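Worksheet: one structure, shown below.
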Amino acid sequence: MTDKISALVEKLNENPGNRFHRYNLAQALFDSGEYQKAKLEFISCLEHSKDWMMVLLFVAKCDLALGDINNAKIYLNKTIQVAGEQGHDDPLLEAETLLQECRG
């Protein structure tokens, strides 16, 4: 476990309801290649905010890294919907590109 991840775990233990600490932990886990752990943390973030667009995108990316293409497609489609509704062009384009890659 990296120092950054350890520090984020400690912050989250001190304040388990802080969704931003959880998101930062999930991001750090993702960046370190711990995709299954990252996915669990990202999913936990969605319990507080089902339309957290970046979390939806990162769940899809975790699934892609873990080889779960079918679940990745579900989350990419959710990302596209939410990004469109919220006017986030760059994540929308990224999700569409990843979805196209899933289709071959």
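The structure displayed is predicted, hence computed values, not measured ones.
For Leu57 against Pro91, the heavy-atom pair with the smallest separation is CD2-CB, 4.4 Å. Between Cys62 and Ala38, the closest heavy-atom pair is SG-CB, 3.9 Å. A pairwise comparison of heavy atoms in Val9 and Leu25 identifies CG2-CD1, 3.8 Å as the closest pair.
Leu92 is linked by a side-chain contact (heavy atoms from CB on, under 4.5 Å) to Ile80, Ala83, Glu96, counting only residues two or more places apart in sequence or in another chain. With sequence neighbours excluded, the residues forming a side-chain contact (heavy atoms from CB on, under 4.5 Å) with Asn71 are Lys39, Asp63, Asp68, Ile74, Tyr75, listed by chain and number. With sequence neighbours left out, Gln36 forms a side-chain contact (heavy atoms from CB on, under 4.5 Å) with Leu40, Leu66. Applying the side-chain contact (heavy atoms from CB on, under 4.5 Å) criterion to Gln27, with sequence neighbours excluded, gives Tyr23, Phe30, Asp31, Phe42, Phe58.
Put simply, CG on Leu76 and SG on Cys102 are 5.5 Å apart, with the number rounded to the nearest 0.5 Å. The structure places CD of Glu34 at 7.5 Å from OG1 of Thr2, a figure rounded to the nearest 0.5 Å. With rounding to the nearest 0.5 angstrom, the CZ atom of Arg22 is 12.0 Å from the CD1 atom of Ile43. If you take CG on Leu56 and CG on Asn77, they are separated by 11.0 Å, rounding to the nearest 0.5 Å. Atom NZ of Lys61 sits about 9.5 Å away from atom CG of Leu64, to the nearest 0.5 Å.
Each of Leu98 and Leu93 belongs to its own hydrophobic cluster when Ile, Leu, Val, Met, Phe, Trp and Tyr are linked at side-chain heavy-atom distances under 4.5 angstrom.
Note on residues 72-90: no pairs pass salt bridge (charged side-chain N to carboxylate O under 4.0 Å, His left out), not counting sequence neighbours.
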Pair Leu99, Arg103 - check side chain to side chain contact (heavy atoms under 4.5 Å, CB included), show working. CA-CA 6 Å; Leu99 188 58; Arg103 294 179 178 150; 3.4 Å; yes

Please evaluate residues Leu12 and Glu41 with respect to the criterion side chain to side chain contact (heavy atoms under 4.5 Å, CB included), reporting the C-alpha separation (whole Å), side-chain torsions for both, the decisive distance (0.1 Å), and the verdict. CA-CA 11 Å; Leu12 193 55; Glu41 295 299 337; 4.2 Å; yes

Hey, mind stepping through Cys45 and Val59 against side chain to side chain contact (heavy atoms under 4.5 Å, CB included) and telling me if it holds? CA-CA 10 Å; Cys45 290; Val59 171; over 6 Å; no

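Counting heavy atoms from C-beta outward, Leu8 and Leu29 have side chains that stay 4.5 Å or more apart. Taking 4.5 Å as the limit, every side-chain heavy atom of Lys11 sits out of range of all side-chain heavy atoms of Asn24.
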Expected list for residues 47-54: side-chain donor-acceptor pairs under 3.5 angstrom, two or more places apart:
from, atom 1, to, atom 2, distance (Å)
Ser49, OG, Asp51, OD1, 3.3

